[in-house]
Amino acid sequence: MNLQPTSATAHADTVQRAVGVALRRNPRLRDSRITVTVADEGLVTLTGSVPTQALRREVETICWTVAGVHSLHDEMHVGR
């Protein structure tokens with residue numbers, strides 16, 4: 001039995017970790033609740049909430065700077 005992740009799954013895990021690290025670097029996002037999910041082929045889905053529309057755009061911009069992100073689906077809510 002092979003328990004090693006497929007290369008696509010391993011790539012998605014790597015991208016998910018990288019996006020999480022990039023978002024945690026931003027102190028303005030400290031109180032935000034953002035969940036990052038990455039599917040194969042670099043599809044990143046963002047869920048959760050941020051306090052302002054400006055921060056929402058900032059999160060999107062941060063995600064696009066991460067290698068391996070090829071498309072972004074933003075389902076975040078603005079407001080608390």
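For residues 15-25, the set of pairs meeting the salt bridge (charged side-chain N to carboxylate O under 4.0 Å, His left out) definition, not counting sequence neighbours, is empty.
For the atom pair CG (Leu23) and CG (Leu46), the distance works out to 7.5 Å, reported to the nearest 0.5 Å. Rounding to the nearest 0.5 angstrom, the gap separating the CG atom in Asp74 from the OG1 atom in Thr47 is 9.5 Å. Separation of atoms CD (Gln16) and OG1 (Thr45) is listed at 10.0 Å; rounding is to 0.5 Å.
The hydrophobic clustering, which links ILVMFWY residues whose side-chain heavy atoms are closer than 4.5 Å, places Leu43 and Ile34 apart.
Looking at heavy atoms from C-beta onward, Met76 lies in side-chain contact with Val59 at the 4.5 angstrom threshold. Looking at Asp31 and Pro51, their side chains never come closer than 4.5 Å, going by heavy atoms from C-beta outward. You'll find the side chain of Val38 reaches within 4.5 Å of the side chain of Val36, heavy atoms only. Between Val44 and Thr37 there is no side-chain heavy-atom pair separated by less than 4.5 Å. Residues Arg28 and Glu58 meet the side-chain proximity criterion, which asks for heavy atoms closer than 4.5 Å. Between Ser32 and Ser49, every side-chain heavy-atom pair lies at or beyond the 4.5 Å cut-off.
Atom CD of Glu60 sits in a crowded spot, with more than 12 heavy atoms from other residues, nucleotides or ligands closer than 6.0 Å.
Taking each heavy atom of Val66 and Ala18 in turn, the nearest pair found is CG1-CB, 3.6 Å. Across Val69 and Cys63, no two heavy atoms sit closer than the pair CG2-O, 3.3 Å. Taking every heavy atom of both residues into account, Ala22 and Ile62 meet most closely at CB-CG2, 3.6 Å.
No donor-acceptor pair under 3.5 Å is formed between the side chain of Arg56 and the backbone N or O of Val50.
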